[in-house]
Each structure stands twice: as structure tokens, then as C-alpha cells.
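Worksheet: the structure to be examined is printed underneath.
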There are 2 protein chains.
Amino acid sequence: MKISDVIEQFLKEMMEENDGVIEIRRNDLATQFHCVPSQINYVIATRFKNEHGYAVDSRRGGGGSVRIRRVQPSGGNIVMHLVNHMGDRVSYQEMHFFLQDLLSAGILSERECKLLIGGLSDRALGMENPHRDAVRARALKNALVHLIS
Amino acid sequence: MKISDVIEQFLKEMMEENDGVIEIRRNDLATQFHCVPSQINYVIATRFKNEHGYAVDSRRGGGGSVRIRRVQPSGGNIVMHLVNHMGDRVSYQEMHFFLQDLLSAGILSERECKLLIGGLSDRALGMENPHRDAVRARALKNALVHLIS
DNA sequence: ATTGATGAAAGTCAAAGAAAGTCAAAAACA
DNA sequence: TGTTTTTGACTTTCTTTGACTTTCATCAAT
């Protein structure tokens, strides 16, 4: 049994018992499983992607930690369907279509769409393509999964 | 829970109950929370910045103290006030502080904050600093301005 | 009334500490 | 062989600590 699988299993069980949210200290977990800390990053990067329905955020520095949340079963399926059909580049136009869908499905409000349209416009992101559309894709997925988890 | 966060919380609650003005003795506060006095300076420097709507002034010497007060942005437009004072680089942590401001001012909902926190996290943006904080600053400003226009 | 000493505040700044992140080489596996 | 996993050296971010500095008030001596 691979250590990565063991850690993945452990985290997912922990999440089951915990309403879909866990908060861990990377170094503690590494100690617990006798592996290097960056192994935890590997597990998170490969097993807890947005596309799988997980939102991750973390803080560095003293008192820092990593939090992982799972999408809520209710209402999550439409969003996850979109997230999984998004690909890893999303143009501004495409984003509009996605947001239109979510708006008419009643999942996002008009204000919420506005925030994303403003924040993830070409002007806001600033960089050139293809980088820009890649950043937008990641940002949009993260935003949506974060919202419903 | 970090001691800095505890102190921040304490001061903000105190300010709530006190009409937006508090006056503290740095050394007493440090004693009360079992930390060094300069920790108080750290909390004030990171959590009570001007751009978050606080004004700090202090007197040294015998009988000295620190006064912190909430400043209402004149003209009433809190969003524009924040956007104008944001600077052209915003860290993830700073964004949290800004969003907290907007949340407690009743300008953004919790969902709207979640969208931005997820969409503009380090993970979502992907690139390295200093570029990352610059993109986040632009994106956040654009999102907020777009929202109110 | 001026000066000077003393002590009581707060301020500054950089080092140390505490976390997480990155990246690519090495190893294991299919 | 090509992909996935493991490892570890190095980096970044944030917090805590403490030595040193500056400012102010008071009081005693001129």
C-alpha cells in the first residue's frame, strides 16, 4: 500500500466524520505518517483537486495550517458538472457562458456573477494569453468549488 | 489560535462596545496577554492599518497610551475608499482583511467573500510573487468596482 | 523660570522561530 | 519506457521576541 493512498484515505475518513471539513498541520501529519512534509503537498495536489470536489486553502507562518473542504451534495452537481467540463483554459467569453448557466440555474446571483466578471476580466488579470486563460480557468474553478463547499 | 489574532479580536470587540474609539496602555495589554510589548505594535501594524479604516495615534513617556479609532470614510462609499487605498499589491492575507471589512460593513455577503477568497487565493492564481500580489490587487479592485457600477 | 536627571511610557528593527510551498532528482512501479 | 511516488534541499510567508531608541512628564537643583 502506497503511503500516499494511506494518507488520502485517512484524510477522507477524517472528513467523513467531520462534516466535510478538515484542518491539518502539514508537519504534524508528515510526522504521524513518517514521511517528508512535501509528501502531504503531493497527496493534496493529486487527490484533492477542484475537479474532484475539494477546495483547499492554507496559511503559512506561525500558527499556519491547511484546510480542505468537500463540496456539499446539495446543489453541487450542476457546479461540478461545469467545473469538470471547463478544461484548463477558459476565455472571457466562455466564462460568460458558464456564468449565464449558473445564473439561470439560480446557483449564482447577479451580484456574484458581476464579481467574477469584473475580477476575472482580461483587464483585471493583465497577463497575456495563453497564460491568462489558464489563470482564469483555475481561478474560476477555485471560486466555484470554494463557494459550494 | 494565534496570540496576534486573539489580541486583534479583543481590541475589535472592545471597539464595538466603545463607539469606535479605544485607548490602551501597550505594556498593560502585553502583560494581560503574556506577550512582549512589541507584539502589540505588530498587531496594530498588521490589523489596524489606515486602509482598513483605522487611525492610530499615541503618546510616549509617562502616562502615555495608544489610541485607535474607526474612521468613517467620508462620502459614504466604503468600497471606493478601500479600492483607492489598496495599493498595487495585495497579499492573500491582506485580501482577507479587506473582505472582512466589507463583510462587517454589510457590503458583501458571506458567499460573495467566499467566491473571492477561493478565486483569488495563491492556489488559484498559481504564479509567483511579486506578480501574484499584483494580479490579485488588480482583480480584487476590478471585481469590487464592477460590482458597484 | 531654567536646567538636568530620572523613570515611565511607546517605537523600531532585525533576528529567530514556525509554519507551508516549490521543484526537480531519485526511486519505484506498471 | 513512461508514469507515478518519494525525498530533500531550498524558499516564502507570517509571527514572536528582545535589544536598543525615542519621547514625555515630573521633580530636584540651580
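What you are looking at is a predicted structure, and each value in this text was computed from that prediction instead of being measured. Chain A is the first sequence line, chain B the second, and so forth, proteins listed ahead of strands; every chain is numbered from 1.
The aromatic rings of A:His85 and A:His81 sit tilted, their planes meeting at an angle between 30° and 60°.
Counting non-hydrogen atoms under 4.0 angstrom, A:Gly61 reaches a base of the nucleic acid. Contacts of B:Ile44 with the nucleic acid, taken as non-hydrogen atoms under 4.0 Å apart, are absent. Across all strands, B:Asn129 comes closer than 4.0 Å only to sugar-phosphate atoms, never to a base (heavy-atom distances).
Rounded to an integer number of Å, the gap from A:Arg25 CZ to C:dA19 P is 5 Å. If you measure from atom CG of B:Asn41 to atom P of D:dT22, you get 16 Å, rounded to the nearest angstrom. Between the CG atom of A:Asn27 and the P atom of D:dT12 there is a distance of 18 Å, rounded to whole Å. Between the CG atom of A:Leu29 and the P atom of C:dG21 there is a distance of 12 Å, rounded to whole Å. What separates CG of A:Asp57 from C1' of C:dA20 is a distance of 12 Å, to the nearest Å. For B:Met127 and C:dC23, the CE to P distance is 13 Å, given to the nearest whole Å. Between B:Asp133 atom CG and D:dT13 atom P the separation is 7 Å, expressed in whole Å. In this entry the distance linking NE2 of B:His131 with C1' of D:dT12 reads 18 Å, nearest Å.
The shortest distance between the side-chain N/O atoms of B:Arg123 and the OP1/OP2 oxygens of C:dG21 is below 4.0 Å. Put simply, B:Ser65 has no side-chain N or O that comes within less than 4.0 Å of OP1 or OP2 on C:dA10.
Of the candidate nucleotides D:dT15, C:dT22, C:dA10, C:dT22 has the atom nearest to the side chain of A:Arg26.
Checking B:Asn142 against A:Arg123 by side-chain atom types alone, no donor-acceptor pair falls below 3.5 Å.
To the nearest 0.5 angstrom, B:Leu147 atom CG is 11.0 Å from A:Ile117 atom CD1. Taken from CD1 in A:Ile44 to CG in A:Leu11, the straight-line distance is 7.0 Å, to the nearest 0.5 Å. The line from NE2 of B:His52 to OG1 of B:Thr46 is 9.0 Å long, rounded to the nearest 0.5 Å.
Because its NZ or CZ atom is both nearer than 6.0 Å to the ring centre of A:Phe48 and within 45° of the ring axis, A:Lys12 counts as a cation-pi partner of that residue. A cation-pi arrangement, defined by a distance under 6.0 Å to the six-membered ring centre and an angle within 45 degrees of its axis, is present between B:Arg70 and B:Tyr54.
Mapping A:Gly64 and B:Arg132 onto DNA chain C by nearest heavy atom places A:Gly64 at the nucleotide closer to the 5' end. Taking the nucleotide of DNA chain D with the nearest heavy atom to each of B:Tyr92 and B:Gly63, the more 5' of the two is matched to B:Tyr92.
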Readout for nucleotides 5-11 of chain D: B = base within 4.0 Å of protein heavy atom, S = sugar-phosphate only, - = neither; 5' to 3' it is BBBB---

